[in-house]
Amino acid sequence: MFARVSIYEIPQDRREEARANFNSAVARIRETEGLENAQFLLGCDSDRAVTITFWESQEAMAASRVLASRLRSEAAASVGGDVVSVEEFEVVPEA
């Protein structure tokens, strides 16, 4: 399994709007072939937010890059936020 972790700066006064917009983006990426799970996290005491998507294969994750990039950029921009970083990982199974 593979994962993409994206970190955002979201203005505190737009958290509720961000919740709705990012939930909509997550719903759209859920339609992508090979997606196992997707989560949106809002920082409790910070302006940070995180999306984590889990993919059945590296190929599926790679195939989603263009759509995912567009969705994350649109969701962040819609609330005056920024995409801080995007990284991809291999999920290491528990021993």
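Numbers here simply count residues along the sequence, with the first being 1. All values below come from the heavy atoms of this structure, side chains included, with hydrogens, waters and symmetry mates left out.
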Between [X] and [Y], is there shared hydrophobic-cluster membership here, with clusters defined by ILVMFWY side-chain heavy atoms closer than 4.5 Å?
X     : Y     : answer
Ile52 : Val84 : yes
Phe54 : Val50 : yes
Ile29 : Phe89 : no

Calculate, to the nearest 0.5 Å, the distance between atoms [atom1] and [atom2] belonging to [X] and [Y] respectively.
X     : Y     : atom1 : atom2 : result
Arg72 : Arg4  : CZ    : CZ    : 5.5 Å
Cys44 : Leu41 : SG    : CG    : 9.0 Å
Ser64 : Glu59 : OG    : CD    : 11.5 Å
Asp47 : Gln12 : CG    : CD    : 4.5 Å
Arg28 : Leu71 : CZ    : CG    : 5.0 Å
Arg48 : Ile7  : CZ    : CD1   : 6.0 Å

Does some side-chain heavy atom of Val91 sit less than 4.5 Å from a side-chain heavy atom of Phe2?
no
Contact check, side chains of Glu88 and Arg65, non-hydrogen atoms, under 4.5 Å:
yes
For Glu33, look at atom CD and say whether over 12 heavy atoms of other residues, nucleotides or ligands are found less than 6.0 Å away.
no
Does [X] reach the main-chain N or O of [Y] with its side chain, forming a donor-acceptor pair under 3.5 Å?
X     : Y     : value
Ser46 : Gly43 : no
Thr32 : Leu35 : no
Ser73 : Ser69 : yes

Go through Met61 and Glu56 one step at a time and tell me if the side chain to side chain contact (heavy atoms under 4.5 Å, CB included) criterion holds.
CA-CA 8 Å; Met61 183 170 62; Glu56 66 184 24; over 6 Å; no
Look at the aromatic rings of Phe40 and Phe22 and report parallel, tilted or perpendicular, splitting at 30° and 60°.
parallel
Classify the side-chain pair Thr51/Tyr8 by whether it contains a donor and acceptor separated by less than 3.5 Å.
yes
Less than 3.5 Å apart, any donor N or O on the side chain of Thr53 or Trp55 sitting next to an acceptor on the other?
yes
On a heavy-atom basis, which atom in Pro11 and which in Gly80 lie closest, and how many Å separate them?
CG-O, 3.7 Å
Between Asn21 and Ala75, what is the shortest heavy-atom contact and its length?
O-CB, 4.3 Å
Show, in sequence, the C-alpha distance, side-chain angles and deciding distance for Arg30 and Asn37, and conclude whether the side chain to side chain contact (heavy atoms under 4.5 Å, CB included) test is met.
CA-CA 7 Å; Arg30 284 186 194 279; Asn37 195 4; 3.7 Å; yes
